[in-house]
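All heavy atoms count here, side chains included; hydrogens, waters and symmetry mates do not. Predicted, not measured: the structure shown is a model, and the values here were computed from it.
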Amino acid sequence: MTNITIFDKILSGEIPCKKVYEDDFTLAFEDLHPVAPVHVLVIPKKKMENIFEATEQDAHILGRVLLTAKKVAEIKGISETGCRLVMNNKADSGQSVFYMHCHVIGGHSLPWPP
């Protein structure tokens, strides 16, 4: 896993982002191509390409990603009405940036299937 992604560059400060929330374990920022009124990406500060690289030792980091997604929903005012959390893993799922991330999508009614 030596590929430098746009998320690596955002974490290093090389590329700016519209930060929504940050803590010691995660960073949440506005998606550049939103699909809904609220579309925020949550990334762990520990790099993993996708969930399939996670190990038992990463359970804390994975939990922090979900707790940050919850915090983002609260910050963005969609925790009462709801939101969709999406994690695409590997090419067949549509993952385009190979750095594990969670989309927090909401702000209006979301149809199913998407």
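Clustering of Ile, Leu, Val, Met, Phe, Trp and Tyr by side-chain heavy atoms under 4.5 Å joins V35 with V86, I105, L110. Cluster partners of L67, using a side-chain heavy-atom cutoff of under 4.5 Å among ILVMFWY residues and allowing indirect links: none.
Annotation: side-chain hydrogen bond (donor to acceptor under 3.5 Å, both in side chains) contacts involving residues 80-94, sequence neighbours excluded, are absent. Within the structure, ring pair (Phe, Tyr, Trp, His ring centres under 6.0 Å) contacts touching residues 28-78 (residues at least two apart or in different chains) are F7-F29, F25-H60, H39-H103. Residue pairs meeting the salt bridge (charged side-chain N to carboxylate O under 4.0 Å, His left out) criterion with at least one partner in residues 100-114, sequence neighbours excluded, do not occur; the list is empty.
Legend: residues meeting side-chain hydrogen bond (donor to acceptor under 3.5 Å, both in side chains) with D58, ordered by chain and number and at least two apart, are K46, T55. Applying the side-chain contact (heavy atoms from CB on, under 4.5 Å) test to E30 and every residue at least two apart in sequence or in another chain returns K18, V20, V40, K76. Residues passing the salt bridge (Lys or Arg N to Asp or Glu O under 4.0 Å) test with K71, sequence neighbours excluded: none. In this structure S79 satisfies the side-chain contact (heavy atoms from CB on, under 4.5 Å) test together with A73, E74, sequence neighbours excluded. For Y99, there are no side-chain hydrogen bond (donor to acceptor under 3.5 Å, both in side chains) partners, not counting sequence neighbours. Annotation: side-chain contact (heavy atoms from CB on, under 4.5 Å) contacts of E14 (sequence neighbours excluded): K9, S12. With sequence neighbours excluded, the residues forming a side-chain contact (heavy atoms from CB on, under 4.5 Å) with I6 are I10, I15, V97, listed by chain and number.
Minimum heavy-atom separation, K45 to L11: CG-CD2, 3.9 Å. Heavy-atom minimum distance, L27 versus K19: CD1-CG, 3.7 Å. L85 approaches V104 most closely through the heavy-atom pair CD2-CG2, 3.8 Å. Residues P37 and H108 approach most closely at CD-CD2, 2.7 Å, considering heavy atoms. Taking all atoms of both residues into account, the shortest heavy-atom contact from A28 to T68 is CB-CG2, 4.1 Å.
The CD atom of E49 sits 9.0 Å away from atom OG1 of T5, with the distance rounded to the nearest 0.5 Å. Taken to the nearest 0.5 Å, the CG atom of L62 stands 11.0 Å off from the CD atom of Q57. Considering CD1 of I51 and CD of E53, their distance stands at 10.0 Å, rounded to 0.5 Å.
Transitive grouping of hydrophobic side chains (ILVMFWY, heavy atoms separated by less than 4.5 Å) keeps L41 and M48 in distinct clusters.
Residues I43 and M100 form no side-chain contact, since every pair of their non-hydrogen atoms from C-beta on lies 4.5 Å or further apart. Side-chain contact between N3 and F98 is absent, with no heavy atoms from C-beta onward closer than 4.5 Å.
Remark: side-chain polar atoms of Q95 are not paired, donor with acceptor, to backbone N or O of A91 under 3.5 angstrom.
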